[in-house]
There are 2 protein chains.
Amino acid sequence: MPATVHNLVNDPFKALAHPIRRGIVERLAVGPATVGDTTAGFGVSKPAITKHLRVLEETGVVRREVVGRTHRLSLELAVLTEAADWMDRQRALWGRLFDVVDEYLKEDNPR
Amino acid sequence: MPATVHNLVNDPFKALAHPIRRGIVERLAVGPATVGDTTAGFGVSKPAITKHLRVLEETGVVRREVVGRTHRLSLELAVLTEAADWMDRQRALWGRLFDVVDEYLKEDNPR
């Protein structure tokens, strides 16, 4: 079995597998924010947002700090970096596939 | 609602949200292969493999060509590139967060 980033329990790609969760990551990528600011305006119910936040926290992509009544969210950068590194390794490999097709079109099949 | 890569039906991150599916992508990133070669050795049942392949095909990450009795799989590079680009955009943003923390530790809090 090939090397894989994570087991299923804390799989950062599972965290990213929904557009609303990616929207939350996009907001937190510019800096920590309160739960209210992070989740406003997605146009879905509060229970739905709560469920998405739970997935983000369970997978370790988002961390929650509670100070008094304020819940502050931030990205767990190490976890996301591991996922981004995996993507980049695959892109480096499939980039070579692009090059092979390019070469084939240019050299062997002039039009 | 922030810009998102895809709707749920063809969400490449959903395709990547399982270690076996990432394993399949890793194998195909070096080039197209038969279904047999692509799915050998994962140590799970054939129905499980079939289910994972279906997710990869439905999300547009993997393409299947049938020539006679041979089923050849290859990556849909445009779909994966879009996902990799999203990751890189977020990494560029959260990279600035790292820099801010670095600066804080260096300049404001000498130990």
Side-chain angles (χ1 to χ4, degrees), chain A residues 1-32 38-44 55 59 61 74-101, chain B residues 1-32 38-44 55 59 61 74-101:
Chain A
M1 186 162 165
T4 49
V5 179
H6 269 282
N7 61 26
L8 276 184
V9 176
N10 57 351
D11 190 327
F13 286 101
K14 187 183 155 199
L16 299 174
H18 192 286
I20 286 180
R21 295 201 290 272
R22 287 199 295 278
I24 290 171
V25 168
E26 286 170 2
R27 289 178 183 190
L28 294 175
V30 298
T38 306
T39 60
F42 282 111
V44 294
V55 174
T59 52
V61 163
S74 57
L75 293 184
E76 194 62 76
L77 299 180
V79 172
L80 280 168
T81 297
E82 212 177 329
D85 285 348
W86 182 88
M87 285 294 275
D88 282 349
R89 283 198 301 278
Q90 305 317 310
R91 196 212 283 263
L93 292 171
W94 79 61
R96 289 184 221 157
L97 296 180
F98 268 131
D99 295 344
V100 169
V101 172
Chain B
M1 186 160 166
T4 48
V5 179
H6 269 283
N7 59 28
L8 277 183
V9 177
N10 57 351
D11 190 326
F13 286 101
K14 189 183 155 199
L16 299 174
H18 192 285
I20 286 181
R21 295 201 292 272
R22 287 198 296 278
I24 290 171
V25 168
E26 285 169 2
R27 288 178 183 188
L28 294 175
V30 297
T38 306
T39 61
F42 282 110
V44 294
V55 174
T59 51
V61 163
S74 57
L75 292 184
E76 194 62 77
L77 299 180
V79 172
L80 279 167
T81 297
E82 212 177 330
D85 285 348
W86 182 87
M87 285 293 275
D88 282 349
R89 284 198 301 278
Q90 304 318 310
R91 196 211 282 263
L93 292 171
W94 80 60
R96 289 185 220 155
L97 296 180
F98 267 131
D99 295 344
V100 169
V101 172

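None of these values were measured; they are calculated from a predicted model. Each chain gets a letter, A, B and so on, in the order the sequences are listed, and its residues count up from 1.
Interface summary for chain A: among B:Leu75, B:Thr81, B:Val25, the most heavy-atom pairs under 4.5 angstrom belong to B:Thr81.
Heavy atoms closer than 4.5 Å to chain B are found nowhere in A:Ser74, neither backbone nor side chain.
The shortest side-chain heavy-atom distance between A:Arg91 and B:Asp85 falls under the 4.5 Å cut-off. Residues A:Leu16 and B:Leu16 are not in side-chain contact: their nearest non-hydrogen atoms beyond the backbone lie 4.5 Å or more apart.
In terms of heavy-atom proximity, B:Asp11 sits nearest to A:Pro19 at OD2-CD, 3.9 Å.
Looking at residues two or more places apart in sequence or on another chain, you find a side chain to side chain contact (heavy atoms under 4.5 Å, CB included) between A:Gln90 and A:Trp86, A:Leu93, A:Trp94, B:Glu26, B:Ala29.
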